[in-house]
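Worksheet for the structure shown next.
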Amino acid sequence: MKYIKFSFCIIMLLLFCISFSKNNMATEINTETSTQFDINNLPKYVSEDEITTFLNNSVYLGDSIVMFFYSFTQRKEVNNFCDATFLFAKSMRLNDVLQEVSRDSIHPTYMGQKRLAEDAILLCGKKNVFIYLGMCDLIYTDINTNILMYQSLIDRIKAKIPDVKIHIISLTYIVRNSGRSAFQTNDGIRLFNYNLKVMCENNNIGFIDMASPYSNQNGDMDPEYSSDSYFHIKSQYYSLWENTLRGYARQYLSTLK
């Protein structure tokens, strides 16, 4: 009987030692894992006020899409872009902004006068410029030529205002089968946006995907969003534009902290 009790005690002691060893190993593993977690890589908090201030300290350059976005902001009860500057002209192309200003030229107007984009941006005194251009160019010129013109515009802005931060907004897609040339198709826009993103990476400037928020499962602009069954957007859906810009601003500002 004593031998049985002694054996039982030995077995219990061994089980305790094994259990303690396993728990200690788990503690060591968890401790080791936790030391690999770098708190400095956590996204930095960005407040809504910081985002609004950033977006207001910006210029928005573009065609009728930017023009209608401006109208959207003006109709809102709370205008988060009240101090921003909008430079636009209906049907303005990349080719237009690279031309000299003349009576018949298509250029943005600032302070009651048509101006070169880079001159208007300089006069605004803002620290950021968001650009949405290229849709109308795809009617007339191929994708590579348009990318080269975009690069020329960026170079001119940088030469005139070296400290300004440039952010490029991708084209949205168009409603299926509504394109007006072999280049202005959704496949063409996808290729244009891809090359635009590569250009931005090469120039260390920001790129905003504005195509995805408006696209359907087929990779076209969802007809529900379009005001003309082409690429223009219904007024109420410019809220997606604002939300996308705010999301981009949050991410961008977090990298500066």
Side-chain angles (χ1 to χ4, degrees), residues 36-63 65-88 108 110 117-118 120-134 150-151 153-172 192-215 233 236-257:
Q36 294 174 355
F37 182 77
D38 186 0
I39 196 169
N40 293 320
N41 288 330
L42 284 172
K44 303 299 188 296
Y45 174 74
V46 179
S47 71
E48 294 300 316
D49 286 344
E50 288 177 293
I51 292 171
T52 299
T53 298
F54 169 76
L55 293 175
N56 271 294
N57 193 14
S58 300
V59 179
Y60 299 86
L61 172 67
D63 55 21
I65 294 294
V66 172
M67 178 178 72
F68 288 126
F69 179 58
Y70 168 72
S71 298
F72 165 80
T73 66
Q74 299 305 298
R75 288 194 298 269
K76 286 191 66 179
E77 185 175 345
V78 177
N79 183 0
N80 291 317
F81 295 81
C82 57
D83 293 325
T85 301
F86 289 84
L87 301 173
F88 52 77
Y110 183 66
E118 59 268 30
I121 294 168
L122 177 63
L123 290 171
C124 292
K126 303 290 188 180
K127 294 183 179 180
N128 301 277
V129 55
F130 289 80
I131 307 175
Y132 179 94
L133 285 169
Y150 230 127
Q151 182 66 63
L153 174 60
I154 289 170
D155 291 342
R156 285 169 57 157
I157 292 172
K158 284 184 173 182
K160 181 74 71 167
I161 323 108
D163 295 333
V164 75
K165 302 300 181 184
I166 301 173
H167 313 270
I168 303 298
I169 303 171
S170 81
L171 296 182
T172 60
F192 176 82
N193 284 342
Y194 172 78
N195 283 279
L196 197 59
K197 186 176 181 180
V198 171
M199 183 199 71
C200 289
E201 291 171 353
N202 291 338
N203 285 270
N204 195 30
I205 58 181
F207 177 83
I208 303 107
D209 173 20
M210 198 61 75
S212 296
Y214 292 96
S215 65
I233 301 165
Q236 66 268 33
Y237 292 125
Y238 272 103
S239 58
L240 294 177
W241 247 71
E242 179 171 359
N243 292 341
T244 301
L245 288 176
R246 293 188 72 85
Y248 169 79
R250 185 185 304 280
Q251 183 179 23
Y252 175 76
L253 291 172
S254 72
T255 65
L256 302 181
K257 293 192 172 187

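Note: hydrogens, waters and symmetry copies are ignored here, and every other heavy atom, side chains too, is used.
- P108 approaches A117 most closely through the heavy-atom pair CG-CA, 4.3 Å.
- At a threshold of 4.5 Å between non-hydrogen side-chain atoms, the residues Y132 and L61 do not count as touching.
- With sequence neighbours left out, the side chain to side chain donor-acceptor pair (under 3.5 Å) criterion links S212 to D209.
- Contact check for F130 versus I208: side-chain heavy atoms found under the 4.5 Å cut-off.
- F192 places a side-chain heavy atom less than 4.5 Å from the side chain of L171.
- Residues N202 and Q151 bring no donor and acceptor atom of their side chains to less than 3.5 Å of each other.
- In summary, the aromatic rings of H167 and F207 are positioned with their centroids too far apart to meet the 6.0 Å limit.
- Proximity of W241 to F72: side-chain heavy atoms (C-beta onward) are nowhere separated by under 4.5 Å.
- Evaluation of the side chain to side chain donor-acceptor pair (under 3.5 Å) rule for T52 yields R246 as partners, not counting sequence neighbours.
- For the pair T85/Y60, no side-chain contact is recorded, criterion being any heavy-atom separation below 4.5 Å from C-beta on.
- Under the 4.0 Å criterion applied to side-chain N and carboxylate O atoms, R250 and E50 are not assigned as salt-bridge partners.
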Item to complete: Go through K126 and N56 one step at a time and tell me if the side chain to side chain contact (heavy atoms under 4.5 Å, CB included) criterion holds.
Response: CA-CA 9 Å; K126 303 290 188 180; N56 271 294; 5.8 Å; no
